[in-house]
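Order of listing sets the numbers, starting from 1, for every ligand and every atom in it.
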Amino acid sequence: MSLFLRLLFRNRLAGFGAVVLGIIVVMALVTPLLPLHPPNVTNTANRFLRPLAEGHLLGTDHLGRDLLSRLLHGTRLSLAVGFAAALIAAVIGAAIGIVAGYAGGRTDNVTMRGVDMLMAFPYILLALAIVAALGPGLMNALIAVAVVNIPFFARNIRGVTVSISHREFVDAARLSGLGPLRIILTEVLPNVVPVIVIAMSTTVGWMILETAGLSFLGLGSQPPQADLGSMLGEARGALITAPHTSIVPGVMILLIVMSINLLGDGVRDALDPRLRSGALARPMAATLVDRKAPAPPARTEGLLTIDDLRTDFRLGRRTAHAVGGVTLAIRPGECLGLIGESGSGKSVTALSVMGLVASPPGVITGGAVRLAGEDLVGAPYGRLRDLRGNRVAYIFQDPLSTLHPLYRVGDQLAEAIRVHHAVSRAEAGERAIKLLVDVQIPNPRARIGAYPHQLSGGMRQRVGIAMALSNDPDVLIADEPTTALDVTVQAQILKLLDDLRRDRGLAILFITHDFGVVAQLCDRVAVMYAGRIVEEGPTQEVLDAPAHPYTARLIACVPELGTGRRRLEAISGLPPNVDDLPPGCAFAPRCDKAQPECRQGEIPLEGGVRRVRCLYPETHLPETELEAAP
Ligand code: ADP
Ligand code: MG
């Protein structure tokens with residue numbers, strides 16, 4: 001709750017709306033206690049007194065009634081009617097929506113067509129027709145406004161319910177034998193309530209306006225009872241001669257509706273978890289760069305070199321150091337494996353290379369990324385766009401979410417080509433077919449017309465690879481491309497990547513959490529823990545004699561086929577929180593060899609071809625190697 005309020009008031013405008021609305025509501029609540037003139041007593045001798053007149057702060061209306069008193073009483077009534085209408089519409093509309101969405105089939109069809117019929121009439125016309133049928137009066141106006149708003153709630157809530165009632169937890173509840181009513185109340189409703197609140201907060205203002213509209217037309221509150229709409233309606237005749245009689249209720253309506261809308265927007269933003277984390281905020285086209293120090297010199301040679309790269313996520317007052325000084329180099333034709341537990345910063349490292357980390361909240365705070373010597377950190381956006389997908393290409397983990405669901409894969413491949421090359425549509429299409437041949441998709445001429453959902457997971461991943469290869473890149477960054485695939489498809493894809501780098505001299509940065517995959521494909525491997533490289537070296541050497549205790553434990557976690565029963569050594573404890581890393585070795589809290597020195601000061605990554613960031617490595621690296629430069 002306090003989080004909700006904090007988020008709400010972080011939005012200045014919403015805070016302003018809350019304050020204004022709060023004042024108005026409090027005033028409306030205490031109105032009967034205030035020493036006001038009676039609102040309905042006429043005094044024709046005092047007609048049209050100006051504001052600030054003796055005894056009448058806001059003046060009087062055409063019958064000499066005190067405007068301040070009428071305004072407060074009218075506000076009270078308008079607010080009550082507006083909120084009541086919103087509540088009725090929300091409850092009935094949500095009930096209809098939930099039942100229709102949950103039941104589906106014929107029930108859904110019949111109810112929603114009924115709702116559609118209500119929606120087919122213009123809003124105000126329908127309200128007028130209802131009031132005409134029921135007779136004028138405030139209660140009938142309330143009913144009319146509630147009824148015309150029911151379809152809005154029913155439609156919204158039905159949509160949400162449909163998507164929720166197909167989720168696994170609802171299936172699980174059904175399988176456990178719960179009845180539909182229980183499921184609706186315990187599984188569906190809690191997930192729908194935020195949507196109802198959001199819809200209500202954004203429509204209350206409307207409903208107050210609509211009620212005022214009906215009263216303005218003389219169909220709502222009846223004289224002498226005042227509400228804001230009827231006050232406006234009565235003042236219409238004296239709009240020119242005594243404008244204050246219109247301005248007073250008009251300004252009040254404006255304040256109420258504006259403050260409710262501002263507050264409603266704030267409530268919606270604070271309740272929606274995606275907005276809360278800033279995920280729906282449009283990310284910038286390239287990651288924000290805020291380098292405190294000049295770019296460090298390149299440590300080694302390579303086609304792609306990363307030197308002391310630091311990427312933070314600035315989340316409110318917290319800063320997560322997702323990448324804390326990573327140094328890597330990849331030569332043409334080489335495959336470097338980047339391995340580590342989930343959350344260790346592998347993806348953020350990879351995305352930082354082309355400035356693809358979402359900003360906000362991501363910021364590159366230091367280091368350099370060089371492609372053939374050119375520093376890309378802070379390069380102009382135009383330059384990055386030139387290189388992205390052209391010289392440096394990515395393969396992402398989940399091919400279904402990276403392919404556009406509504407376009408044929410051939411068109412998407414052709415688009416990727418045409419972004420960087422001025423070729424005709426037909427030519428791009430031909431190239432797309434050739435790419436599908438390269439990634440060994442059977443029957444490519446037919447497959448080119450398929451939509452992503454018509455392909456299997458392995459094929460989609462191959463399309464993703466084909467797309468990455470479409471512009472013949474120099475560097476390929478593959479972020480766990482085979483994690484979602486079964487072992488046979490995985491083996492094919494690894495073979496494909498291996499052939500490609502041998503044939504085309506592609507440099508590959510291969511991210512994974514699987515040592516088995518690294519062993520098959522990579523020449524060298526770098527082990528990442530809590531945003532830093534803890535060990536690096538030729539794959540076979542690292543596998544045979546891991547130096548960092550973390551690497552050793554990771555390797556011990558890999559099951560082996562055909563070696564009989566062996567106890568798998570899970571690593572106890574959890575990866576550290578990158579908001580708040582301990583001094584010294586980040587792995588020390590989980591390491592059974594840790595000494596007091598391990599928890600102090602910076603521990604450097606030492607060595608040459610093989611490097612390790614550990615004071616007490618499992619294997620002492622040979623002295624000669626320490627001197628050898630890579
Ligand atoms: P992995 O090694 O599994 O690929 P990531 O590089 O994706 O891990 O994440 C590294 C750290 O950065 C994690 O602690 C993660 O929570 C954090 N992180 C990643 N993306 C974001 C984001 N958009 N906002 C905030 N934190 C993020
Ligand atoms: Mg990742």
| task | Would you check whether Ala358 reaches within less than 4.0 Å of ligand 1, judged by its heavy atoms? | result | no
| task | Could you tell me whether ligand 1 has any atom less than 4.0 Å away from a heavy atom of Ala320? | result |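 So Ala320 does not count as touching ligand 1.
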N or O pair under 3.5 Å between [X] and ligand 1:
X: Ala322; value: no
X: Lys346; value: yes
X: Val348; value: yes

| Does the protein put a heavy atom less than 4.0 Å from atom 8 (O) of ligand 1? |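 Yes.
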| message | Under 4.0 Å and counting heavy atoms only, is there anything from the protein next to atom 15 (C) of ligand 1? | response | no
| query | Where does the angle between the aromatic ring planes of His404 and Tyr407 fall among parallel (under 30°), tilted (30 to 60°) and perpendicular (over 60°)? | reply |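 Perpendicular.
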| query | Which word best sums up how the rings of Phe396 and Tyr394 line up, parallel for under 30°, tilted for 30 to 60°, or perpendicular for over 60°? | reply | parallel
| Does the side chain of Thr319 pick up a donor-acceptor pair with the side chain of Asp312 at under 3.5 Å? |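 Looking only at side-chain atoms, Asp312 and Thr319 do not form any donor-acceptor pair under 3.5 Å.
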| message | Keeping Thr539 on the side-chain end and Asp523 on the backbone end, is there a donor-acceptor pair under 3.5 Å? | response | yes
| Quick one: which ligand 1 atoms are inside 4.0 Å of a heavy atom on Pro361? | 24 (N)
| Ligand-residue contact atoms, ligand 1 with Ser342, heavy atoms, under 4.0 Å |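 Every atom of ligand 1 under 4.0 Å from some heavy atom of Ser342: 3 (O).
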| request: Among all protein heavy atoms, pick the one closest to atom 22 (C) of ligand 1 and tell me residue, atom and distance. | output: Phe313 CE2, 3.5 Å
| task | Please report which non-hydrogen protein atom sits nearest to atom 1 (P) of ligand 1, along with the residue it belongs to and the distance in Å to one decimal place. | result |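 So the nearest neighbour among protein heavy atoms is Gly343 N, 3.4 Å.
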